[in-house]
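All heavy atoms count here, side chains included; hydrogens, waters and symmetry mates do not. Lettering follows sequence order; numbering is per chain, from 1.
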Amino acid sequence: MAAITEEQVELVRALIAAIPPGRVRTYGDIADEAGLPSPRLTSWVLRTDGGDLPWHRVITASGRPAAPVRRRQLELLAAEGVPIVDDRVVLRRCRIGVDGDGP
DNA sequence: AGCATGACTGCTT
DNA sequence: TAAGCAGCCATGC
């Protein structure tokens with residue numbers, strides 16, 4: 001029996017599904033919102049149940065997509081209008097839940 | 001029971 | 001900016 005409940009997993013999926021086009025969120029943000037004890041659990045949910053979810057809208061805090069799918073994600077994100085520079089997503093412009101205070 | 005793995009993050013060099 | 005290191009939690013062997 002996993003330490004996390006089905007409710008938590010469901011919440012994670014809901015949060016990911018709620019991400020609007022042209023916007024992205026990090027694993028850590030989703031984990032925090034869903035109440036997961038660690039951002040690694042977000043990857044776990046995505047990897048196991050992410051079949052019907054817009055997984056491409058979930059990226060690492062580095063602004064770089066996950067390794068096994070990074071090529072795919074960059075293409076999908078770019079198609080949605082997400083600003084990408086040098087194979088990297090511009091989080092300060094498309095990240096949700098955080099307001100870029102500006103440089 | 002113990003060790004290795006992974007779609008991670010933050011801090012330090 | 002990039003690279004290295006430790007912490008993190010569930011899963012698989």
Roughly, in whole Å, what's the span from [atom1] in [X] to [atom2] in [N]?
X     : N      : atom1 : atom2 : result
A:D87 : C:dT1  : CG    : P     : 15 Å
A:L15 : B:dA7  : CG    : P     : 22 Å
A:L46 : C:dA10 : CG    : P     : 17 Å
A:L91 : B:dT9  : CG    : C1'   : 13 Å
A:L53 : B:dA7  : CG    : C1'   : 13 Å
A:Q8  : C:dC9  : CD    : C1'   : 14 Å
A:W44 : C:dT11 : CH2   : P     : 5 Å
A:L41 : C:dT11 : CG    : P     : 8 Å

Worksheet, complete the sentence: Winner on side-chain proximity to A:S38, out of B:dA7, C:dC9, B:dT9, is C:dC9
Worksheet item: Does B:dA4 have a Watson-Crick or wobble partner in any strand here, with both distances under 3.5 angstrom, and which is it?
Response: C:dT11
Discussion item. Closer than 3.5 angstrom, by distance alone: can the side chain of A:Q73 be matched with the main-chain N or O of A:V58 as a donor-acceptor pair?
Written reply: yes
Worksheet item: Using a cut-off of 4.0 Å on non-hydrogen atoms, how would the nucleic acid contact of A:R88 be classed: base, sugar-phosphate, or nothing?
Response: sugar-phosphate
Discussion item. Using a heavy-atom cut-off of 4.0 Å across all strands, would you classify A:A61 as base, sugar-phosphate, or nothing?
Written reply: sugar-phosphate
Discussion item. To check you understand the geometry: which heavy-atom pair defines the closest contact between A:A61 and A:T26, and what is its length?
Written reply: CA-CG2, 4.0 Å
Practice prompt. Find out whether A:I19 and A:I96 are in side-chain contact, i.e. whether some heavy atom of one side chain is under 4.5 Å from a heavy atom of the other.
Written response: yes
Discussion item. Could you tell me if the side chain of A:L36 sits less than 4.5 Å from the side chain of A:Q8, heavy atoms only?
Written reply: yes
